[in-house]
Amino acid sequence: MSVVLAEEVVFSCPEIEPSFELMAKNLASQGYSLHLNGLNPNLLDSLYEYIQTMPADKFKRAGIGREDNLILNESVRTDQVCWINGESEAGQDWLNWTASLQRYLNRNLFLGLFSFESHFAHYSTGDFYKTHKDAFKGEANRILSIVVYLNPDWKHTDGGELVLYQDQTQVEILRVVPNFGTVVAFLSEDFPHEVLPATRDRYSIAGWFRVNSSAGDKVDPPR
Ligand code: OGA
Ligand code: MN
């Protein structure tokens, strides 16, 4: 008979990750959810290992808007991104995890999440992303934003926090230190947010769950 550690039992079944339940509760009650250890350690380590092997030229200057409709605007954001399409094993594992999160949230919150897009992001020293929203009311596309941080030993003095503001009032409601393994999710239409400049390289994955807003001959999201 083999002895299985409790943690392995939990993490071997992606459908019942403990963080999913807490995330659903927090999203329902306050619209955002912060997890200091939000990803299972195997997935986190493989994403971290992968991002370290990625050549710098895989990262491209980020734009404003969607992948197919980019506007470069250096006064708003200066980071570099690489879209995740599942070509790497780590990327595919990440997409499997977000797919199971999507199923869980759809079953428990009835969000009607339909598709998911995400990218690795690299902020060099001094890079920033000024206050913005990931979606606009009425456009009904991006519903839920999720960000994962891949920076071991981040110090408070390193900067680079993600700051979430209350809509309308601009009152600060959450400051996220981009430390390794931290996961934050928030309703895309509800929270303006910004990335403050850091004193060292800062790596994250940002992703968005979308609803299917196809209308007429416009197929959205693009396949
Ligand atoms: C974004 C974003 C936050 C972060 O890419 O839209 O807000 O902390 N990223 O990297
Ligand atoms: Mn954003």
Side-chain angles (χ1 to χ4, degrees), residues 23 27 31-39 44 47-48 51 54 58-85 91 94-95 98 113 115-137 139-152 154-156 158-167 170 172-210 221:
M23 191 182 289
L27 290 174
Y32 63 89
S33 189
L34 175 66
H35 305 256
L36 296 188
N37 290 293
L39 273 198
L44 198 54
L47 288 168
Y48 179 63
I51 210 166
M54 285 172 72
K58 277 220 167 201
F59 285 87
K60 309 283 182 221
R61 291 300 312 272
I64 315 298
R66 295 230 323 269
E67 193 171 5
D68 55 345
N69 189 18
L70 285 186
I71 304 162
L72 287 175
N73 188 341
E74 292 185 20
S75 66
V76 177
R77 68 186 298 187
T78 58
D79 58 317
Q80 302 209 347
V81 305
C82 174
W83 289 90
I84 301 176
N85 51 25
W94 159 250
L95 294 177
T98 59
L113 306 176
S115 67
F116 181 73
E117 59 185 343
S118 63
H119 59 52
F120 292 108
H122 173 212
Y123 291 73
S124 298
T125 302
D127 279 347
F128 57 83
Y129 194 164
K130 296 262 173 73
T131 305
H132 65 283
K133 277 205 252 178
D134 290 343
F136 292 93
K137 285 213 163 46
E139 281 182 24
N141 41 30
R142 286 171 168 180
I143 297 297
L144 181 67
S145 305
I146 186 166
V147 190
V148 176
Y149 297 100
L150 299 170
N151 310 295
W154 197 269
K155 311 265 181 312
H156 281 261
D158 293 334
E161 296 98 336
L162 169 69
V163 187
L164 258 63
Y165 300 98
Q166 196 95 57
D167 213 356
Q170 303 293 308
E172 181 179 325
I173 54 164
L174 184 67
R175 199 167 265 248
V176 182
V177 175
N179 200 15
F180 193 65
T182 292
V183 175
V184 63
F186 54 92
L187 297 177
S188 308
E189 289 181 351
D190 292 358
F191 299 99
H193 54 279
E194 71 177 312
V195 178
L196 302 178
T199 56
R200 52 177 272 201
D201 287 304
R202 175 195 193 271
Y203 290 93
S204 58
I205 297 175
W208 301 272
F209 295 95
R210 306 177 66 212

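Counting convention: from 1, in listed order, for ligands and their atoms alike. Note that the coordinates shown come from a computational prediction; the quantities given were computed from them, not determined experimentally.
Under the 3.5 Å distance criterion, the side-chain polar atoms of T78 are matched with a main-chain donor or acceptor of F128. The closest donor-acceptor contact from the side chain of S188 to the backbone of S145 lies under 3.5 Å. H132 contributes a side-chain N or O that, together with a main-chain N or O of H193, makes up a donor-acceptor pair within less than 3.5 Å.
Near S204, with a cut-off below 4.0 Å to any heavy atom, the atoms of ligand 1 are 10 (O). Interface atoms of ligand 1 facing V147, defined by a heavy-atom separation under 4.0 Å, are 4 (C), 8 (O), 10 (O). Less than 4.0 angstrom separates some heavy atom of R202 from each of these atoms of ligand 1: 4 (C), 8 (O), 10 (O). Within ligand 1, the atoms closer than 4.0 Å to a non-hydrogen atom of H193 are 7 (O), numbered from 1 in the order shown. For ligand 1, the atoms lying closer than 4.0 Å to a non-hydrogen atom of L162 are 3 (C), 8 (O).
Distance from atom 8 (O) of ligand 1 to its nearest protein heavy atom, with residue and atom name: Y149 OH, 2.6 Å. The nearest heavy-atom contact from the protein to atom 5 (O) of ligand 1 is A206 CB, 3.7 Å. In this structure, the protein non-hydrogen atom closest to atom 3 (C) of ligand 1 is V195 CG2, 3.5 Å.
Proximity of D134 to ligand 1, defined as any heavy-atom pair under 4.0 Å, is confined to the side chain (atoms from C-beta onward). Counting heavy atoms under 4.0 Å from ligand 1, residue E161 does not touch it at all. Neither the backbone nor the side chain of Y203 comes within 4.0 Å of ligand 1, counting heavy atoms alone.
If you check the side chains of H122 and D127, you find no donor sitting under 3.5 Å from an acceptor.
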Between V147 and V176, does the side-chain contact (heavy atoms from CB on, under 4.5 Å) criterion hold? Intermediate values first, please. CA-CA 10 Å; V147 190; V176 182; over 6 Å; no

Candidate pair N179 and L36, rule side-chain contact (heavy atoms from CB on, under 4.5 Å), full reasoning: CA-CA 8 Å; N179 200 15; L36 296 188; over 6 Å; no

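Between W208 and W83, the ring-plane angle classifies as tilted under the 30° and 60° cut-offs.
In this structure the side chain of V163 reaches within 4.5 angstrom of the side chain of L196, judged on heavy atoms.
Remark: ligand 1 and W208 share no N or O pair separated by less than 3.5 Å (distance only, no angle test). Of the polar atoms of Y129, none of the N or O atoms is found under 3.5 Å from an N or O of ligand 1, judged by distance alone.
For the atom pair CG of L44 and CZ of F180, the computed distance is 3.5 Å after rounding to the nearest 0.5 Å.
Residue contacts with ligand 1 leave out F186, since none of its heavy atoms falls under 4.0 Å from the ligand. Residue-ligand proximity: E194 is placed with every non-hydrogen atom at 4.0 Å or more from ligand 1.
D79 and R202 are not joined by a salt bridge, as no carboxylate oxygen comes within less than 4.0 angstrom of a charged side-chain nitrogen.
Closest approach between the Mn ion (ligand 2) and any N/O/S atom of D134 involves OD1.
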